[in-house]
Amino acid sequence: MDYNFNAIEPKWQQFWREKQTYRAENCSDKPHFYVLDMFPYPSGAGLHVGHPLGYIASDIYARYKRQCGFNVLHPMGYDAYGLPAEQYAIQTGQHPAVTTERNIARYREQLDKLGFSFDWDREVRTCDPRYYRWTQWTFIQLFNHYYDERRNQARPVSELVARLDSGEEPMRDGREWSTLNEAEKQRYLMDFRLAYLADIPVNWCPELGTVLANDEVVGGLSVRGGHPVERKLMRQWSLRITAYAQRLVDGLEQVDWSESLKEIQRNWIGRSEGAAVWFPVVSDDPALKDVRFEIFTTRPDTIFGVTFMVLCPEHELIGRITTPAQRAEVEAYVNWAKNRSERERQAEVKKVSGVFTGAYALNPLTGERVPVWVSDYVLAGYGTGAIMAVPAHDSRDFAFARHFDLPVRQVVAQAPDAAEDTALWTESMDSKSGYCVNSGFVTGMKVKDAMRAVIDKIDSMGVGHRTVNYRLRDAIFSRQRYWGEPFPIYYKDNIPYTIPEECLPLTLPEVSEFKPTATGEPPLGHAACWAWDEARRCVVETSKIDNKTVFPLELSTMPGFAGSSGYYLRYMDPHNDEAYFSPQAVSYWKQVDLYVGGAEHGTGHLIYARFWNKFLYDIGMAVMDEPFRKLINQGMIQGRSNFVYRSKTDNNLFVSKNLPGRAETTVPIHVDINLVDNDVLDVERFRRWRPEFADARFELEEGRYVCGWEVEKMSKSMFNVQNPDDLVARYGADTLRLYEMFLGPVEQAKPWDTNGIEGVFRFLKKFWRLYDAVDDSQPSPAMVKLLHQTIKKVTDDIERFSFNTIVSTMMICTNELTASGCHSRAVLEPLLPLIAPLAPHIAEELWHQTGHDGSVCLAAWPRYDDAQLVESGFTYPVSFNGKMRFTIELPADAGSDDAFAAVAAHPAGQKYLAGATPKKVIFVPKKIINVVI
RNA sequence: GCGGAUAUGGCGUAAUUGGUAGCCGCGCUAGACUUAGGAUCUAGUUCUUCACGGAGUGGGGGUUCGAGUCCCCCUAUCCGCACCA
């Protein structure tokens, strides 16, 4: 019988569905294991071959663990809120819920065809009220907690209020708590809440009525529509993720992630140690008597080289310190800087700009007067928005000093007694190696020692202290969008209050339009029913707002990362209507043991989810501080485009790639990769592809038209998108699964290329044929050894996620069994559980054909036997005195005399034994031989 | 500019982690079988040479009996961050 995947695959997929083969229980005697994929956003385009790469890898591991006797949780769901569905809604009026539902159905259909072992019973969708209820609930908890720096964890705001009420804790700004009214108290508490409302500079596009991300603005105009964009302060919800910066850095030590991804996160968080120093303003004006700037520096050792100071254009002190003579110029500059988009500013980094305020500050260590400048090379969002400029040892300060002709003073040199460095005529010396010079009490010290000494000094003088700064910013949590989670927030006297937890979910209301309102409010402003009745505790018509008992609800919605930050916890207990997840469920599964997904989420989802989890840990919900124990980043699948070459002189003539006539062709033209097989063009289908090619003629090489190719991004416009459905229809899911793994290491980025898929398909057919006539004959020792080698290799490879080599190993095994005509049940049967994780359908079918009941996907993982492995000749790795090690191959019947001789004959043996035989050779098969000389 | 990674046949890759470089697959060459196929099987395929042999893991140096693997210096490509004080 032929290998008919079309009959086999649907049959077993149905079998698994009916028997609920992959259902996970929340309690079991077995050890638990949680394998998770990053859930997809169900886009209208459906799955392409890049999506399943990670899913296949995780599925292999999940199946393997199941066969090893683990209770495996392997769920799947959808990140269903998002922009594309909403953009589509604006264009067509089609409700995002409808398109999302349709896309999910299509995704599910595509996923089902690939034979994944997901427990679909646990599916979650972020747009499902039964799910986002808990996203809203978490937001309320964030709102109601603050970060206690001393205990280093989130604590209820109510505790803080109690301490303020009792007078145990003074207010930070020195005011008296008991004298404040409700609004003032709430405003004060807002600076502590982990979810807080604050004025934040954003890119606001009045025409589009929305905030735009930096990458949506070019040259001060919106990418979509080309409307002007202004920098504007807007009240936005934010999450105080910066409170967790240190723990987010520290937690990386506990997780098994690639070093490069950890490094990406460390850089993103950007921890830097340094000092905060106060520079008092020099002025006769009594109003400025106690005014001082706080600066942050990582190079306190260079404080003796400060020749000027720079404030960011947004700095609050600029208005107060600017002298009348400079006022007009400063205001013009600040204004200019303010209206520059983030994009423009970044594009013109090398252009030096700035203006002198007329004011001077006092260097607290030297007592020297230095001018204070304003420039946009100092960023408002980092440190204190003010710096001490040391042009000799900072390249940016150097550029500024050269441009405005400010003095440059060397305070670090390669040697303590070095002459002044002429290199400083052209560039700064930023290196931290060397010695301090011209630096008062630290002169002659090494830079590193001076850093410590200066910090100690400013600390004792009371003009500064040691401190740590982070590059990480708080996460803006508001979106002026419809298709997202509504905030469980209403406003009373402009003060936000949370909806009572029992009233959740606060379901997304229907709106008449998905666009912003005429007054520039988010789409929820169109909702007829979007007001909160405080007394009746329910949502009522917007028209009933009276600000006495009925109040307006928040109109913006949460961003995409809200729903994806805790979904992995919900899978543990997805049907729970009483809680996010039960304590029993979370204390059973604990955390994700293996997480598979793209590295592009390194600075987004993977940071937010860790923050979310740490917060839930602090409030006693999660039981682990880190959510994802091991993480594998699947490499991006790029497209492999094909090209045809059109003659310059004849529009209908196409020249094959390797012909001399190629030189006389135009730029290569993209051709749909579905018309190409192994780079050979199907000329008939090409003519039918588009009317303009109907009359195409071809200059062929050896009767074929060979296309050119190039690796590009996978995109529709390049006709290089590969749809997995086509390949499943042609080769079956098992072949596709195997081939995606065979392509190369999972973690490596690689172009999609179907050129090798035939080989994998051939292997499965060959494997299938092995089982044509299984007999009960005694296998030869060589075949037994082959079996055990295969088991060992496959087991090792799965454990180290080297899935591409598993396929090779199975191919070698199949080739050898075929070549020696082995059909022995004793060898063939154990191979089936072995291949089941990779190609579950064929394994299942053959398992039944060899006379088994039940599912091979639940059958025990085969064990290898060392004794069988060494049956017929094997390799001894050898070590000399535990130091040297090398491999000697010996026949199976070799005795210790042969081992002595082999060691002595080996180059290493000749050198270290000098012709003598070793006294003793200890050898353990497949391990080490110690040679005693 | 800073940080990280990678570099092996015509192509995708492998190498028991310091021990015979090129497994497996694609492609290619030759052949077998054939009811002519996008089927199956066999042999060959790093380069160079008629051959013996020689060279060979981006380039250069080093450690070692022995280096694709470890160390130093370059080069190229990819990714992340980017005026972060």
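These numbers were taken from a predicted model, which means no experiment stands behind them. Sequence lines set the chain letters: A, B, ... in the order given, protein chains first and strands last, and positions in each chain run from 1.
Between A:F803 and A:F801, the angle of the ring planes goes over 60°, which puts this pair in the perpendicular group of the 30/60° scheme.
Here the separation of B:G9 from B:U57, taken at their P atoms, is 10 Å to the nearest Å. Comparing B:A67 with B:C2, their C1' atoms sit 31 Å apart, to the nearest whole Å. For the P atom pair drawn from B:G22 and B:U77, the interatomic distance equals 31 Å after rounding to whole Å.
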Kindly indicate, with the supporting measurements, whether the criterion ring-ring contact (aromatic ring centres under 6.0 Å, His included) is fulfilled by A:Y739 and A:F761. CA-CA 8 Å; A:Y739 184 59; A:F761 187 48; over 10 Å; no

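Within residues 734-746 of chain A, the residues approaching RNA chain B are A:F742, A:L743, A:P745, by heavy-atom distance under 4.0 Å. Looking at residues 301-311 of chain A, you'll see that no heavy atom sits under 4.0 Å from any atom of RNA chain B.
Formation of a donor-acceptor pair under 3.5 Å by the A:N633 side chain with backbone atoms of A:L261 is not found in this model. Within the 3.5 Å criterion, the main-chain N or O of A:W278 finds no donor-acceptor partner in the side chain of A:R292. For the pair A:N267 (side chain) and A:G270 (backbone), a donor-acceptor distance under 3.5 Å is absent.
Ion pair A:R266/A:E259 flagged as a salt bridge, since at least one NZ, NE, NH1 or NH2 atom sits closer than 4.0 Å to an Asp/Glu carboxylate oxygen.
Here B:G12 presents its P atom at 9 Å from CG of A:D753, a figure rounded to the nearest Å. Remark: P of B:C2 and CG of A:D394 are 14 Å apart, rounded to the nearest angstrom.
A:D394 is linked by a salt bridge (charged side-chain N to carboxylate O under 4.0 Å, His left out) to A:R396, counting only residues two or more places apart in sequence or in another chain. With sequence neighbours left out, A:D474 forms a salt bridge (charged side-chain N to carboxylate O under 4.0 Å, His left out) with no residue at all.
The side chain of A:S272 has B:A85 as its nearest neighbour among B:C41, B:C24, B:A85. The side chain of A:K766 sits closest to B:C41 out of B:A85, B:G3, B:C41. Closest to the side chain of A:E263, out of B:G4, B:G25, B:C41, is B:G4.
Note on A:K765: only backbone sugar-phosphate atoms sit closer than 4.0 angstrom, heavy atoms only; bases stay farther off. Using a 4.0 Å heavy-atom distance criterion, A:D796 is classed as making no nucleic acid contact. Residue A:N755 is in sugar-phosphate contact alone, with no base atom involved, counting any heavy-atom pair closer than 4.0 Å across all strands shown.
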For RNA chain B, what string of dots and brackets results from 5' to 3' when Watson-Crick and G-U pairs need both distances under 3.5 Å, crossing pairs get [ ], and pairs with another strand get |? (((((((..(((......[....)))((((((.(..)..))))))(((....)))..(((((..]....))))))))))))....

At a cut-off of 3.5 Å, list every protein nitrogen or oxygen paired with a nitrogen or oxygen from nucleotides 76-82 of chain B, distance to 0.1 Å.
unit_1, atom_1, unit_2, atom_2, d
B:C81, O3', A:R471, NH1, 3.3
B:A82, OP1, A:R471, NH1, 3.4

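Phosphate contact (OP1/OP2 of B:U17, side-chain N/O of A:R800, threshold under 4.0 Å): absent.
Taking syn as a glycosidic angle within 90° of 0, B:G9 qualifies as syn.
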